[in-house]
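What follows is a short report on a single structure.
Residue numbering restarts at 1 for every chain, and letters A, B, ... go by the order of the sequence lines. What you see below is based on every heavy atom in this structure, not just the backbone, and it leaves out hydrogens, waters and symmetry mates.
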2 protein chains.
Amino acid sequence: MDQRRTDTREQIQTIALELFAEQGYDGTSLREIAERLGMTKAAVYYHFKTKEEILTSLIEDFLDQLDELVSWGSEQPPSRQRCRAVLRRYSELLSGRTAELARFMQEGQSAIRDLAVGVEIRKRFGQLADLLTTPDQPLSTRLRARIALITLHVGTFAGAELGGSTQERRDASLQIAHELME
Amino acid sequence: MDQRRTDTREQIQTIALELFAEQGYDGTSLREIAERLGMTKAAVYYHFKTKEEILTSLIEDFLDQLDELVSWGSEQPPSRQRCRAVLRRYSELLSGRTAELARFMQEGQSAIRDLAVGVEIRKRFGQLADLLTTPDQPLSTRLRARIALITLHVGTFAGAELGGSTQERRDASLQIAHELME
DNA sequence: GTCTATACGAGGATAGAC
DNA sequence: GTCTATCCTCGTATAGAC
């Protein structure tokens, strides 16, 4: 069974995400990643051409989930129901298996900014925001849509010092996001 | 007149802020900063002990302005007027001479996160949010205060693709921030 | 007091041996 | 598929010219 290749690749991704989330992308060295797995730097380079490719491979997972949500939303007729559903689903996406990744992306925007995958993320984020409104809305409404999405980020990642459980903060931010779009 | 020492120091700060904002903190090397000023790396090291000290010196400027706003707000009695005034003043602060710095800090959170000055920024941000509410408000209200502040960031920095002038976006985000606290 | 010259270890990256 | 040897650039540090 040739399962090793995939195993090693996935192990690298797992450790890398962990370290990126802890120390940031630039703050994490390839040697750290390699040593945690008992390999050398060069061994890591067999599985990924560059350090950036490790990051990109991680983000693509999140991108796929975003794509799914955007295309689901596009099939629904514009309505208040769709708006609420997209917000709820995005909130769930942020707290699912890509939670750690989403948190890291929030803090490490500058590391992602100039990557091809960063451009894609921003594009999807804009599409998602557009699903919250009907077309040709004024600036303030479109701004509101973006803030509603960011509200979900804040509730999930940045509110730890506010007390309450993670679930309570998530629910509260979803509620605020809904109100923003009413 | 011994004005040179200060001049050089300030020149380094100016160029550094420019490059940090363009390429991020980790993406900017000391050689780039030095070369733009026609100096060597080592010359920069005469004026700043470390690269981090350059960053810290820049952020302290922003921190001072935050301090001023927080202490002004603390002297006002809690009221809807104070809430509105703090939001408006923070909006003005973000678009003033520290605009570029504020933008960079937004994107480069991971570079600042573990610095002493980063802890201070977060502390002031929390104090500012607390000025928007009266004490002992429920979680959702305190969350709303933080989102109101972030709304001003979004309007100032992240809305370029929405069209409209910078001023229009700023005004719209201030309006949304006010509504969030009503 | 200000800067040049130079060196060190660690980082990402590559070529090629096994 | 894994690793050695090597390269360049990075932040940092120090010695010493002016």
Listed once per pair and sorted, the ring-ring contact (aromatic ring centres under 6.0 Å, His included) pairs that draw on residues 56-97 of chain A, sequence neighbours left out: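 The answer is Y90(A)-H153(A).
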Residue pairs involving residues 106-127 of chain A (criterion ring-ring contact (aromatic ring centres under 6.0 Å, His included); sequence neighbours excluded):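 Every candidate ring-ring contact (aromatic ring centres under 6.0 Å, His included) pair involving residues 106-127 of chain A fails, so no pair, neighbours aside, qualifies.
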Side chain to side chain contact (heavy atoms under 4.5 Å, CB included) partners of S79(B), counting only residues at least two apart: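 Residues passing side chain to side chain contact (heavy atoms under 4.5 Å, CB included) with S79(B): Q81(B), R82(B).
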Which residues share a side chain to side chain contact (heavy atoms under 4.5 Å, CB included) with A158(A), sequence neighbours left out: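 Only V154(A) meet the side chain to side chain contact (heavy atoms under 4.5 Å, CB included) criterion with A158(A).
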Please tabulate, for the side chains in residues 132-139 of chain B, all donor-acceptor contacts under 3.5 angstrom to protein atoms that are two or more places apart in sequence or on a different chain.
unit_1	atom_1	unit_2	atom_2	d
T134(B)	OG1	Q137(B)	NE2	2.8

Any H47(A) side-chain N or O less than 4.0 Å from OP1/OP2 of dT2(D):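 H47(A) to dT2(D) OP1/OP2: side-chain N or O found under 4.0 Å.
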Any Y46(A) side-chain N or O less than 4.0 Å from OP1/OP2 of dT2(D):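 For dT2(D), OP1/OP2 do not have a side-chain N/O of Y46(A) under 4.0 Å.
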Give every donor-acceptor pair under 3.5 Å between a side-chain atom in residues 17-24 of chain B and any protein atom, sequence neighbours left out.
unit_1	atom_1	unit_2	atom_2	d
E18(B)	OE2	R36(B)	NH1	3.0
Q23(B)	OE1	T28(B)	OG1	3.3
Q23(B)	NE2	E32(B)	OE2	3.1

Pairs where residues 170-182 of chain A contributes a residue and the test side-chain hydrogen bond (donor to acceptor under 3.5 Å, both in side chains) is met, not counting sequence neighbours: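 Applying side-chain hydrogen bond (donor to acceptor under 3.5 Å, both in side chains) to every pair that reaches into residues 170-182 of chain A, excluding sequence neighbours, yields S95(A)-R170(A), Q167(A)-R170(A), Q167(A)-D171(A), Q175(A)-E179(A), E179(A)-R144(B).
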Helical bend (five base pairs per end, nearest 10°) for the helix from dG1(C)-dC18(D) to dC18(C)-dG1(D):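 Terminal axis comparison yields 0°.
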Between dT2(D) (P) and Q11(A) (CD): distance, integer Å: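 For the pair Q11(A) CD and dT2(D) P, the rounded distance is 10 Å.
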Base versus backbone protein contacts along nucleotides 8-18 of chain C [heavy-atom cut-off under 4.0 Å; B, S, -]: --SSBBB----
